[in-house]
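When reading the values below, keep in mind they use all heavy atoms of this one structure, side chains included, and skip hydrogens, waters and symmetry mates. We count residues from 1, following the sequence as given.
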Amino acid sequence: MYVDPPAPQPMRQGETPPVSPTPGLPTPGTATAWEFNPDYQKLVTLWREVLPLLDTMATSLDKAYRMARSGDVWDAPVAERYVQDMTEWRNRLGLYRQAILTSISDQAADTPRWVPADVGAPHAFS
């Protein structure tokens with residue numbers, strides 16, 4: 001069994017964007033407004049959509065595996081081959097789950113949570 005990597009965290013209640021390192025007037029290179037990164041939010045949403053689907057597949061496969069191992073269901077020499085096949089499928093599904101969740105987690109780790117917002121300054125004569 002694999003341990004799931006850390007999930008991307010949605011914006012928490014009361015979470016604030018980063019603060020400017022220098023107080024006072026903003027300089028051209030610093031951001032004055034921030035927004036929660038929409039790309040990061042997509043990763044949060046993707047994690048929440050994929051995880052239940054992976055769990056459903058694992059549950060279905062586990063149910064079939066338990067039935068295949070039961071003597072009440074199979075009473076034939078071919079049963080062992082099906083159990084071996086299902087064991088392989090369970091292992092592959094575990095690897096697939098690990099790969100999918102790790103890729104989402106790694107992408108979230110490389111994506112900033114907050115990005116500078118494109119806000120226009122008020123202009124007197126625009």
Side-chain angles (χ1 to χ4, degrees):
M1 195 68 175
Y2 300 99
V3 176
D4 289 343
Q9 297 300 313
M11 188 169 78
R12 294 176 291 278
Q13 186 80 13
E15 182 178 357
T16 59
V19 294
S20 176
T22 57
L25 293 174
T27 60
T30 61
T32 56
W34 296 87
E35 68 178 343
F36 195 74
N37 191 347
D39 292 333
Y40 190 88
Q41 183 59 43
K42 287 178 187 176
L43 294 170
V44 171
T45 304
L46 182 63
W47 182 280
R48 289 181 175 174
E49 290 175 358
V50 166
L51 195 58
L53 295 173
L54 292 171
D55 288 340
T56 301
M57 287 191 298
T59 302
S60 298
L61 192 53
D62 288 343
K63 180 180 176 185
Y65 178 75
R66 282 192 308 274
M67 289 176 65
R69 291 191 63 200
S70 171
D72 298 337
V73 177
W74 293 99
D75 191 19
V78 75
E80 185 59 35
R81 187 182 85 212
Y82 287 116
V83 170
Q84 290 172 352
D85 287 347
M86 284 189 213
T87 301
E88 180 64 26
W89 296 340
R90 290 174 75 206
N91 291 337
R92 288 183 184 194
L93 181 59
L95 292 172
Y96 180 72
R97 175 190 178 105
Q98 187 71 20
I100 294 295
L101 296 181
T102 299
S103 67
I104 295 171
S105 180
D106 288 350
Q107 184 68 30
D110 294 340
T111 305
R113 289 175 59 83
W114 294 91
V115 292
D118 292 332
V119 292
H123 297 286
F125 301 106
S126 52

Atom [atom1] in [X], atom [atom2] in [Y]: separation rounded to 0.5 Å?
| X | Y | atom1 | atom2 | value |
| --- | --- | --- | --- | --- |
| Glu35 | Arg113 | CD | CZ | 14.0 Å |
| Tyr82 | Thr87 | OH | OG1 | 14.5 Å |
| Leu46 | Gln41 | CG | CD | 11.5 Å |

For [X] and [Y], work out which heavy atoms get closest and say how close.
| X | Y | value |
| --- | --- | --- |
| Trp34 | Pro17 | CB-CB, 3.3 Å |
| Pro8 | Trp47 | CD-CE3, 3.6 Å |
| Val83 | Ala68 | CG2-O, 3.6 Å |

Legend entry - Test item: Tyr40 side-chain N/O and Gln9 main-chain N/O as donor-acceptor pair under 3.5 Å: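 Side chain of Tyr40 to backbone of Gln9: a pair is present.
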Inset, instruction - Report the residues that fulfil side-chain hydrogen bond (donor to acceptor under 3.5 Å, both in side chains) with Glu88, sequence neighbours left out, ordered by chain and then residue number. - result: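 With neighbours one apart ignored, the set is Arg92.
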Inset, instruction - Quick one: list whatever passes side-chain hydrogen bond (donor to acceptor under 3.5 Å, both in side chains) with Trp114, sequence neighbours left out. - result: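 With sequence neighbours excluded, Trp114 shows a side-chain hydrogen bond (donor to acceptor under 3.5 Å, both in side chains) to Glu15, given in chain and number order.
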Donor-acceptor pairs under 3.5 Å, side chain of residues 52-67 to any protein atom, not counting sequence neighbours: which ones?
{"from": "Asp55", "atom 1": "OD1", "to": "Arg97", "atom 2": "NH1", "distance (Å)": "2.5"}
{"from": "Asp55", "atom 1": "OD1", "to": "Arg97", "atom 2": "NH2", "distance (Å)": "3.4"}
{"from": "Thr56", "atom 1": "OG1", "to": "Pro52", "atom 2": "O", "distance (Å)": "2.8"}
{"from": "Thr59", "atom 1": "OG1", "to": "Asp55", "atom 2": "O", "distance (Å)": "2.8"}
{"from": "Ser60", "atom 1": "OG", "to": "Thr56", "atom 2": "O", "distance (Å)": "3.0"}
{"from": "Asp62", "atom 1": "OD1", "to": "Arg90", "atom 2": "NE", "distance (Å)": "2.9"}
{"from": "Asp62", "atom 1": "OD1", "to": "Arg90", "atom 2": "NH2", "distance (Å)": "3.2"}

Legend entry - Asp39/Val115 under side chain to side chain contact (heavy atoms under 4.5 Å, CB included): CA gap, chis, key distance, verdict: CA-CA 10 Å; Asp39 292 333; Val115 292; over 6 Å; no
Distance-only donor-acceptor pairs under 3.5 Å for side chains of residues 104-112, two or more places apart:
{"from": "Ser105", "atom 1": "OG", "to": "Pro6", "atom 2": "O", "distance (Å)": "2.7"}
{"from": "Thr111", "atom 1": "OG1", "to": "Gln107", "atom 2": "O", "distance (Å)": "2.6"}

